[in-house]
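Input: a single structure, listed below in structure tokens.
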Amino acid sequence: MKAGNRIFSNLGTTVFTVMSQLATEHSAINLGQGFPDDNGPDDVRAKAAQFLEDQPNQYPPMMGVPDLREAVAQHAHRFYGLDVDWRKEVMVTSGATEALSACLLGLINTGDEVVLLEPLYDSYLPMVRLAGGVPKLVRLSPPYWELPREALAAAFSAKTKAIVLNSPMNPSGKVFTGDELAFIAGLLKQHDAYAICDEVYEHLVFDGSKHVPLMTLPDMRERCLRIGSAGKTFSLTGWKVGYVTGAPGLLGPISKAHQFLTFTTPPNLQRAVAYGLCKDAAYFKALAASLQRKRDKLAKGLARIGFEVLPSKGTYFVTAGYATLAKPFAGDDMAFCHHLTTDAGVAAIPVSAFYESEPPQSFVRFAFCKSDHVLDEALARLERHFQ
Ligand code: PMP
Ligand code: GLN
């Protein structure tokens, strides 16, 4: 029998699914896969329910319902001062995952090089390869996750088509600084390359710092595709409503990829997300403040138990080293996460899953987007286990 597609045949199931299944099997608290355990804002869900009854449920326009495209453009202006023409520059996708795939498939020709920063979200590498691209990996490492500027500059060449930039970054919690963004912008100009900016955690930044889209830097407006996700902005990860913003010429071929990936996204979820994006500033502030408190609770608790807790400036995640635990663990991070799930009753994600090869040792990612009592119980279990 002939084998299936080479890239997908050689892939395992995503680590997020693997760890969630293991957590379920062992009744462990799931601090692995990043999803909130509340049900999202009541008013946004009520709008969706109302729209499902009142509004059409047939195919919406391929680029997305006008209400949502307008809301995405207004949101970009309100938060970042970007002027976006919603008719030509915004496309709605089925989550950021589809947006990423459409951008890569729409931009890349066989042999084009794509710069990727490790640790990387798990869909990037296979989708670059599926599109015929050649990944050029540049590594950021714990505990400081510094951008290795020389290595990054060396990864760019005349063949570079694009960089994929995830800021705030999963799993490191790194928020790229203005200086780092300016350095990346310089490379894009020098090599005539584009940036696919995965900004799904744009509203989940802490300690008063601000998310700055690369697109807002000088000369970057035409070179960047900015991706957002209602999953993160409204704690509705199951809705899979995402959006891409970019210059019309850039978005053109990407929309052709989108038309054969999903073509559209459920129209009444789009309408409800449009309502959500127009919520007042208090909503967005409260979301970040609530997650910051949860980060602090989990980080403090993990440090008390003996983990080396790394700073997290954004996202749902905190990375922790286990080499500092009083009771040493001999195995790798996958084995540690397995052990944590089955024996301590708390699931986490091995940081090695975010590296193609030779990953950093002994770091795991915990999600803190959970109810306080769930975080407390997880910490109590870990404390008992590591006592
Ligand atoms: N990018 C990053 C960095 C993520 O962590 C995730 C996971 N939610 C996604 C993209 C995918 O987002 P969505 O659920 O909207 O497809
Ligand atoms: N983005 C989520 C995470 O990093 C997982 C999404 C998924 O399971 N595909 O945990």
Side-chain angles (χ1 to χ4, degrees), residues 11-24 30-37 40 64 68 72 91-104 116-128 140 145 163-176 195-205 211 213-214 225-245 258 261-262 265-266 269-270 273 276-277 291 312-319 337 347-355 364-370:
L11 275 183
T13 304
T14 91
V15 69
F16 309 114
T17 297
V18 170
M19 291 313 300
S20 284
Q21 274 172 358
L22 194 68
T24 305
N30 191 355
L31 303 188
Q33 192 176 25
F35 60 91
D37 61 359
L68 179 52
V72 169
M91 183 174 87
V92 177
T93 57
S94 292
T97 307
E98 196 228 337
L100 285 158
S101 299
C103 287
L104 293 167
L116 299 173
L117 302 178
E118 291 181 305
L120 38 75
Y121 186 60
D122 65 351
S123 79
Y124 297 174
L125 207 42
M127 292 314 296
V128 166
L140 280 67
W145 310 110
I163 185 172
V164 181
L165 180 66
N166 175 215
S167 180
M169 192 186 210
N170 176 9
S172 65
K174 176 184 175 77
V175 176
F176 283 70
I196 299 168
C197 301
D198 178 347
E199 301 183 5
V200 298
Y201 298 105
E202 61 186 322
H203 287 293
L204 313 186
V205 290
H211 167 67
L214 182 63
L225 291 151
R226 202 177 93 74
I227 296 175
S229 171
K232 314 295 176 218
T233 298
F234 300 105
S235 312
L236 293 162
T237 60
W239 279 23
K240 299 297 282 188
V241 177
Y243 16 89
V244 192
T245 303
H258 162 72
L261 283 170
T262 57
T265 297
L269 298 185
Q270 293 191 47
V273 170
L277 283 177
L291 281 161
S312 166
K313 301 201 167 83
T315 75
Y316 284 152
F317 310 114
V318 67
T319 301
C337 285
I349 300 288
V351 166
S352 61
F354 297 83
Y355 289 81
V364 298
R365 185 195 86 175
F366 292 96
F368 49 76
C369 47
K370 305 291 173 184

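In each ligand, atom 1 is the first atom listed, and ligand 1 is the first ligand listed.
Listed here is the closest heavy atom pair of Val244 and Cys103: CG1-SG, 3.9 Å. Closest non-hydrogen pair, Pro168 versus Val205, comes out as CG-CG1, 3.5 Å. For Lys370 against Asn30, the heavy-atom pair with the smallest separation is CE-O, 3.3 Å. Between Ser172 and Thr319, the shortest heavy-atom contact is CA-OG1, 4.1 Å.
Here atom 8 (N) of ligand 1 lies nearest to Lys232 when heavy atoms of Lys240, Met169, Lys232 are compared.
In terms of protein heavy atoms, atom 5 (O) of ligand 1 is closest to Tyr201 OH, 2.6 Å. Among protein heavy atoms, atom 8 (O) of ligand 2 sits closest to Gln33 NE2, 2.7 Å. Of all protein heavy atoms, the one lying nearest to atom 6 (C) of ligand 1 is Tyr121 CZ, 3.4 Å. Atom 3 (C) of ligand 2 has Arg365 NH2, 3.4 Å as its closest protein atom, hydrogens excluded (heavy atom only). For atom 12 (O) of ligand 1, the closest heavy atom belonging to the protein is Ala96 CB, 3.5 Å. The single protein non-hydrogen atom nearest to atom 10 (C) of ligand 1 is Asp198 OD2, 3.4 Å, given as residue, atom name and distance. Here the heavy atom of the protein found nearest to atom 9 (N) of ligand 2 is Tyr121 OH, 3.4 Å.
Close approach of ligand 1 to Asn166 (heavy-atom distance below 4.0 Å) involves ligand atoms 3 (C). Each of the following atoms of ligand 1 lies closer than 4.0 Å to a heavy atom of Gly95: 15 (O), 16 (O). Close contacts between ligand 1 and Ser229 involve ligand atoms 13 (P), 15 (O) [criterion: under 4.0 Å to a heavy atom]. If you number the atoms of ligand 2 from 1 as listed, the ones under 4.0 Å from a heavy atom of Phe317 come out as 3 (C), 4 (O), 10 (O).
Note on ligand 2: Thr14 sits outside its first shell, no heavy atom being nearer than 4.0 Å. Ligand 1 is never approached by Tyr316 to a heavy-atom distance shorter than 4.0 Å.
Separation of the Tyr121 and Phe354 ring centroids does not fall under the 6.0 Å cut-off.
Here the side chain of Asn166 pairs a donor or acceptor atom with the backbone of Asp198 at under 3.5 angstrom. Side chain of Ser167 to backbone of Phe176: a donor-acceptor contact under 3.5 angstrom is found. Checked by atom type and distance alone, the side chain of Lys174 pairs as donor or acceptor with a backbone atom of Trp145 at under 3.5 Å.
No option in Phe35, Phe16, Tyr201, Phe368 other than Tyr201 meets the ring-ring contact (aromatic ring centres under 6.0 Å, His included) test with Tyr316.
Below 3.5 Å of separation, one finds an N or O of Thr97 facing an N or O of ligand 1. Of the polar atoms of Asn170, at least one N or O is found under 3.5 Å from an N or O of ligand 1, judged by distance alone.
Glu202 has a carboxylate O that lies under 4.0 Å from a charged side-chain N of Arg226, or vice versa, which qualifies the two as a salt bridge.
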